2 protein chains.
Amino acid sequence: MIDITKPFMLYALCSVEYDGRAYSTLEKGRYLIIYKKDGSVIIHGSDLCKARNYQQSGSILSIEKDKLISINKKEKITIDIIEQINYTPLEDWSDSKIEISRTEKELVDKIANNHKLFINIEFAVIEREYRTDSGPVDLVCITPNNEYHIIEVKRNKATINHVTQLRKYVDQMQENDFKSYGYLASPEIGKNAVEFLKKNGFTWLKVDF
Amino acid sequence: MIDITKPFMLYALCSVEYDGRAYSTLEKGRYLIIYKKDGSVIIHGSDLCKARNYQQSGSILSIEKDKLISINKKEKITIDIIEQINYTPLEDWSDSKIEISRTEKELVDKIANNHKLFINIEFAVIEREYRTDSGPVDLVCITPNNEYHIIEVKRNKATINHVTQLRKYVDQMQENDFKSYGYLASPEIGKNAVEFLKKNGFTWLKVDF
DNA sequence: ATTTGCATGTCGACT
DNA sequence: AGTCGACGTGCAAAT
């Protein structure tokens, strides 16, 4: 009836139990179950984009009486099938990925290539993904007299967390005894983030696609 | 043929274009399209848990010749349907949510109720969700002489970001001239997080379910 | 295999 | 509506 060797979608009256990183139950009801060729299992309810339950790529699906069981390393989903409403195998399912543009990298490039428009200083060195002991910084501009202008770039609205992240980098450079300035570059920025920026003496750079 | 007044799943040969927070295209292929009663649209490829494309709750779906178009505030998905392979309306789809246990709150309670096992000090006050200007702290224990022990709790492996978060809280208390100690409590902790903890003079508390 | 940080993150809670 | 933090975050790239 259900062929677990092939991808399928199954609309069924069922209940679900998950045990792994947490424990959860989904009460009896009608849900959409999807099984993919990489082993992933996805269970959708009637709203929201996120699955109610899921099991990631690499999981192994088995069937036991009326139960679908998917096991990953330390995770297990048990789907108790009470009634199959619609079972459809999915043949020749495409695995193409989406092609994305307007990424963070684009913004970093834009600032790097037009830095004069953002920070009107002559720099000796401009580096992307500049390595620090606190992780890579999106963009670092260094003056001839070794002052570090540290720029953290976000592709949409910047939040207070991103200021914290920036601060981590600036502190790191200060510890290494380099005079440093912090910048957060993004198309938009939250109100609290602005305050926290000021408080830390950092600057916001508005950058758009 | 396609009734956009009701939830459905549609397996179709199609291509997809998204414009909004980013821009993306999905090349022609067979994909599974799901439409839910809250307006969400989800497009799945043959692998991974995450949808290739999606539109969140509150979007409006319309149909124009062979195109399904879903619009949200500033976002738009266009699905060019070339061939319908399987169209199935989803009747009486349940909207139950999952019931979760083993949450962060459980751990917070455990530490609060057995704080002697974690920090062997007599406290005058123990507060959950303690409000600071930098946001609520999971757990704060205050000694009779007003020393603040600030505990950030994570339900699984703690990372360097969580140390940063903890530091934000501790700094906030220091600014208010309270002597403060920082703790990160979790079942596990990453190597780099341990180092960053030490560097900040904070302490890790191992806590399990 | 593990760690790190991005993401069209999503989602919920609270202001 | 805007902000903030949790999430079984998922996921890919780098170490």
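Throughout, protein chains are lettered first and strands after them, A, B, ... in sequence-line order, and every chain is numbered starting at 1. Predicted model only: the values in this text are computed from it and were never measured.
Here the side chain of A:E104 is nearest to one of C:dC11, C:dC6, C:dT8, namely C:dC6. Side-chain proximity of B:I160 to D:dG5, C:dG5, D:dG10: nearest is C:dG5. Across C:dT8, D:dC11, D:dT9, the shortest atom-to-atom separation from the side chain of A:Q56 is found for D:dC11. Closest contact between the side chain of A:Q165 and the listed nucleotides C:dC6, C:dG9, C:dC11 involves C:dC6. Checking C:dG9, C:dT8, D:dC11 against every side-chain atom of B:S24, the shortest atom distance belongs to C:dT8. In the set D:dT3, C:dT8, D:dT9, D:dT9 carries the atom at the smallest distance from any side-chain atom of A:K50. Comparing C:dT8, C:dG9, D:dT15 against the side chain of A:R131 picks out D:dT15 as the nearest. Closest approach to the A:R155 side chain among D:dG10, C:dG9, D:dG8 is made by C:dG9 (side chain taken as heavy atoms from C-beta onward).
Residue A:E195 contributes atom CD, which lies 17 Å from atom P of D:dG2 at whole-angstrom precision. Between A:Q55 atom CD and D:dC11 atom P the separation is 12 Å, expressed in whole Å. Taking atom NZ of B:K157 as the reference point, atom P of D:dA6 lies 19 Å away to the nearest angstrom. We find that NZ of A:K73 is positioned 7 Å from P of C:dA1, with the value rounded to whole Å. Residue B:R102 contributes atom CZ, which lies 13 Å from atom P of D:dT9 at whole-angstrom precision. Atom CZ of B:F196 is separated from atom P of C:dT3 by 17 Å (rounded to the nearest Å). Protein atom CZ of B:R52 is 16 Å distant from nucleotide atom P of D:dG10, rounded to whole Å. Distance, B:K74 NZ to D:dG2 C1': 12 Å, rounded to whole Å.
As judged by a 4.0 angstrom heavy-atom cut-off over every strand, A:G190 is placed among residues touching the sugar-phosphate backbone only. Across all strands, A:I98 comes closer than 4.0 Å to base atoms (heavy-atom distances). Counting any heavy atom pair closer than 4.0 Å across all strands shown, B:Y54 reaches a base atom. Nucleic acid contact for A:E152: sugar-phosphate only, since backbone atoms but no base atoms lie under 4.0 Å from a heavy atom of the residue. When heavy atoms are screened at a 4.0 angstrom cut-off, B:I42 is found touching no nucleic acid atom at all. A:N156 comes within 4.0 angstrom of the backbone, heavy atoms only, and of no base.
In terms of position along DNA chain C, the nucleotide closest to B:N192 lies nearer the 5' end than the nucleotide closest to the other residue of the pair B:N192 and A:K105. Mapping B:Y23 and A:K168 onto DNA chain C by nearest heavy atom places A:K168 closer to the 5' end of the strand. If you find the closest nucleotide of DNA chain D to A:I189 and to B:T103, the one lying nearer the 5' end belongs to A:I189.
Judged by atom type and distance alone, B:E129 does not reach the base of D:dG5 through any side-chain donor-acceptor pair under 3.5 Å. For a distance-only test at 3.5 Å, the side chain of A:E75 qualifies as a donor-acceptor partner of the base of D:dG8. Counting distance only, with no hydrogens placed and no angle test, the side-chain atoms of A:N161 and the base atoms of D:dG5 include no donor-acceptor pair under 3.5 Å.
Between A:H149 and A:Y181, the angle of the ring planes stays under 30°, which puts this pair in the parallel group of the 30/60° scheme.
Side-chain N/O atoms of A:Y183 and A:E152 include no donor and acceptor closer than 3.5 Å. Judged by distance alone, the side chains of B:Y23 and B:E17 do bring a donor and an acceptor atom under 3.5 Å apart. Judged purely by distance below 3.5 Å, without hydrogens or angles, the side chains of B:N86 and B:T88 pair a donor atom with an acceptor atom.
At D:dA12, none of the side-chain N or O atoms of A:K97 fall inside 4.0 Å of OP1 or OP2 (strictly under the cut-off). Phosphate proximity of D:dT9 to A:R21: present, with a side-chain N or O under 4.0 Å from OP1 or OP2.
Taking atom P in both D:dC11 and C:dC11, one finds a spacing of 15 Å when rounded to whole Å. D:dC7 and C:dA7: their C1' atoms are spaced 14 Å apart (whole Å). With C1' as the reference atom, D:dG10 and D:dA6 are 14 Å apart, rounded to whole Å.
Between B:Y87 and B:F8, the distance from one ring center to the other falls under 6.0 angstrom. For A:H44 and A:Y31, the ring centers are positioned 6.0 Å apart or more.
Side-chain atoms of B:K105 and B:R155, non-hydrogen and from C-beta on, never get closer than 4.5 Å to each other.
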